[in-house]
Amino acid sequence: MRNAEIAAALGELATLYELDGANRFRVIAYREAARVIRDCPHSVAELAREGRATDLQGVGETLQMKIVALLDEGEIPAAVKLKKKLPATLVEITRIPGVGAKTVRKMYDELGIASLEDLRVAASEHRLRGVKGLGAKLEENVLEALDRIESEGHEERRLLSETLEVGEQLVETLRQLPAAGRVELAGSARRWGETCKDIDIVATATDPEALADALLEHELADERRSGGAGGASIRTHNGLKVDLRIVPPAEFGNLLQHFTGSKEHNVKLRERALGLGLSISEHGVTETETGKVQTCETEAEVYKAVGLPYIEPELRHGEGELAEAENGELPNLVTVEEIRGELHCHTTLSDGKNTLPEMVEAARRRGYAYLAVTDHSASHGFGNDVQADALLERAAEIRDLDAATKRMKLLAGSEVNVMPDGSLDYEDEVLAQLDWVIASVHTSFRMSAERMTQRLISAIEHPLVDCIGHLSGRLLLKRDPYDLNVGPIFAAAAANGTMIEINANPRRRDLNERNARLAADAGVRIVINTDAHQTATLDNMRYGVATARRAGLGAAQIANTRSWRSFAPLRKRTRA
DNA sequence: GCCGTTTTCGGCCCGACTGTTTTCAGTCG
């Protein structure tokens, strides 16, 4: 059973308990455990089988037992019992924004509303207002929310790249204004998360209303919501919600820290503050005893107030970063500027949009010291296959171009397909004539974890494979990663000196940050590649670097931060 | 239900907003 399924079962049980009126901290404990399990990079089912689920922060003996029961019986007995007492469909109703367990329970007890359909009927007949505490506005909100759920499903997340396209433009516009002081993106966009729900901007201004108005009047704004000296809120034409908050400069650090999150990080930070007799909010740091408030112009001051050094936004997961900060163990994170070479890109030979010379020139302009050209291989679909003779012809072309290109090394490479049996789709004698080989899975995604793991290990052990491309095959918001066991894969990669890429395409970010961390800890050499299919997407490097940073990795762990001289001998083909 | 540089019991993050209310509970981020 996957972690996501276990997490979903515990999340449902949390809501059932909440509907049943259980102690709210018990409910919080189940939700927290569900979150930890969802994010855990290992199989929690396996951990639970070994009795080690309690290794996870937030999972105790009770939950360990409940997970095992879930694995054995397919259901948690406590949930079965509660579902006899209450309709399971009540859980769905709590998905409506503004309608929580307490409200659902009240509507069920007093009006017999047990499902979303019941709720729609009752709301349109204005029967909700008959319940104390519920009114006309709720009926209106409920009907709107039900329409939205039916038409587009619920809350919509989108790729960071789509969010930044809007967010960076808005920030740039606001910064140009004479009234603007500091203007910064906050939220998950500033932490370089994979996907975002909305855009948070925090600012200071000499004329706050002018800044708020500028957002309301921006050409990207479709729906204009509130506005004033405290900030403004809009929805863009493509449906993104944008919140701007404006505060006096003295509080800017508090506000930026608060709205950068993550929520989990902030919770941990406030817990730490409490232990020091302090209370942290978006307005300042308060001494609990005296009520004295310290405001902070910078985030660094907020962290200093609780005895910590500044923590980079990408590290604010709410996991071990506070302890690392306290012990002086925060990593020195890799930067885009430190990347010296690109090792995965395509040209018009396969499915790229730009020619070989165009890609080379674009990489040269970015100041790279080396570029590997890695078109798709012989069995690639959609008419983009490259047969062996065409590849070797291309390799000769690349070497000619290399000889004529100053200050940049060009590598003749390929992104070869790993077939379902683990073999590659060029003969070894062809691969031996290349400078660099990436092996990727592009077909037969639906294999068992065991077979997929073996398939990848076969490629990793191949003496002419330098690197594995987009390991999990996931497409964010579109396609789940295929089943595989990363433990043996990383062990094999480390043992064989096979590198693994962080694919920087913002739709992939693959390795993800958790696996990137595990891989680095296992001793795997990691490279960050854009997999660019045109010159413009060479710029996606920043998303791959972001994933590495979120994994806590520094330049030393990323092979393509090395100079060409230092990188070249890391390839297998240069060894005896 | 979980957990421990105040702890194995007694706590468990903070504030704003909303809608419904004459002072607040519920929900959210």
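So that the names make sense, note that chain A is the first sequence line, chain B the second, and so on, each numbered from 1. The structure displayed is predicted, hence computed values, not measured ones.
Ring-plane geometry between A:Y30 and A:Y17 is classed as tilted, the angle between the planes lying from 30 to 60 degrees on a 0 to 90 degree scale.
Here A:V59 lies in heavy-atom contact (under 4.0 Å) with sugar-phosphate atoms only. Counting non-hydrogen atoms under 4.0 angstrom, A:A101 reaches the backbone sugars and phosphates but no base. At the heavy-atom level, A:Y30 lies under 4.0 Å from the strands shown only through sugar-phosphate atoms. Note on A:A136: only backbone sugar-phosphate atoms sit closer than 4.0 angstrom, heavy atoms only; bases stay farther off. Within 4.0 Å (heavy atoms only), A:G275 reaches at least one base atom of the nucleic acid. Within the 4.0 angstrom heavy-atom criterion, only backbone atoms of the sugar-phosphate kind lie near A:L134; the bases stay farther away.
Comparing B:dC14, B:dG19, B:dG26 against the side chain of A:K137 picks out B:dG19 as the nearest. With B:dG26, B:dG1, B:dT20 as the candidates, the nucleotide lying closest to the side chain of A:A29 is B:dG1. Checking B:dC14, B:dC3, B:dC2 against every side-chain atom of A:Q57, the shortest atom distance belongs to B:dC3. Among the nucleotides B:dC3, B:dG26, B:dA16, the one closest to the side chain of A:E282 is B:dA16. Comparing B:dG1, B:dT27, B:dG15 by their closest approach to the side chain of A:S281 singles out B:dG15.
Atom name P, nucleotides B:dT6 and B:dC12: the rounded distance is 15 Å, in whole Å. Remark: the separation of the C1' atoms in B:dG26 and B:dT20 is 11 Å, to the nearest Å. Across B:dT21 and B:dT27, the matching P atoms stand 15 Å from one another, rounded to whole Å. One C1' atom belongs to B:dT8, the other to B:dC3, and the distance between them is 9 Å to the nearest Å. B:dG19 and B:dT23 are spaced 13 Å apart, taking the C1' atom of each and rounding to whole Å. Atom C1' of B:dC9 sits at a distance of 29 Å from the matching atom of B:dG15, rounded to the whole Å.
In this model, the phosphate group of B:dG29 is approached by a side-chain N or O of A:K197 to a distance below 4.0 Å at OP1 or OP2. One finds a side-chain N or O of A:N141 lying less than 4.0 angstrom from the OP1 or OP2 phosphate oxygen of B:dG19. A:H258 has no side-chain polar atom (N or O) that falls below the 4.0 Å cut-off from OP1 or OP2 of B:dG29. Neither OP1 nor OP2 of B:dG26 sits under 4.0 Å from any side-chain N or O of A:T103. OP1 or OP2 of B:dG1 lies within a sub-4.0 Å distance of a side-chain N or O belonging to A:K66.
If you measure from atom CG of A:D200 to atom C1' of B:dA16, you get 14 Å, rounded to the nearest angstrom. A:Y17 places its OH atom 10 Å from the P atom of B:dC2, with the value rounded to the nearest Å. Atom C1' of nucleotide B:dT27 and atom CD of A:E18 are separated by 10 Å, given to the nearest angstrom. Remark: P of B:dG29 and CZ of A:R35 are 16 Å apart, rounded to the nearest angstrom. Across the protein-nucleic acid pair, A:R129 atom CZ and B:dT21 atom C1' stand 16 Å apart, rounded to whole Å. Summarising the geometry, the separation between CD1 on A:I93 and C1' on B:dT27 is reported as 16 Å, rounded to the nearest angstrom. The CD1-P distance, from A:I96 to B:dT27, rounds to 12 Å in whole Å. In this entry the distance linking CD1 of A:I28 with P of B:dC12 reads 11 Å, nearest Å.
With A:S262 contributing its side chain and A:H265 its backbone, the two residues share a donor-acceptor pair below 3.5 Å.
Using a 4.0 Å cut-off between charged side-chain N and carboxylate O, A:E194 and A:R509 make no salt bridge. A salt bridge is defined here as a Lys NZ or Arg NE, NH1 or NH2 lying under 4.0 Å from an Asp or Glu carboxylate O, and A:E184 with A:R190 fails to meet this definition.
Residues A:D243 and A:S233 share a closest heavy-atom pair of OD1-OG, 2.8 Å.
Sparse packing is recorded around CG of A:N332, with 12 or fewer heavy atoms of other residues, nucleotides or ligands lying under 6.0 Å away.
Between A:D198 and A:H283, the residue anchored closer to the 5' end of DNA chain B is A:H283, taking for each the nucleotide with the nearest heavy atom. In terms of position along DNA chain B, the nucleotide closest to A:R26 lies nearer the 5' end than the nucleotide closest to the other residue of the pair A:R26 and A:K106.
When both distances must be under 3.5 Å, the Watson-Crick or G-U wobble mate of B:dT8 does not exist.
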Worksheet item: Are A:E319 and A:R517 close enough, and set up right, to give a salt bridge (Lys or Arg N to Asp or Glu O under 4.0 Å), and what steps lead you there?
Response: CA-CA 13 Å; A:E319 286 161 13; A:R517 174 82 255 164; over 6 Å; no
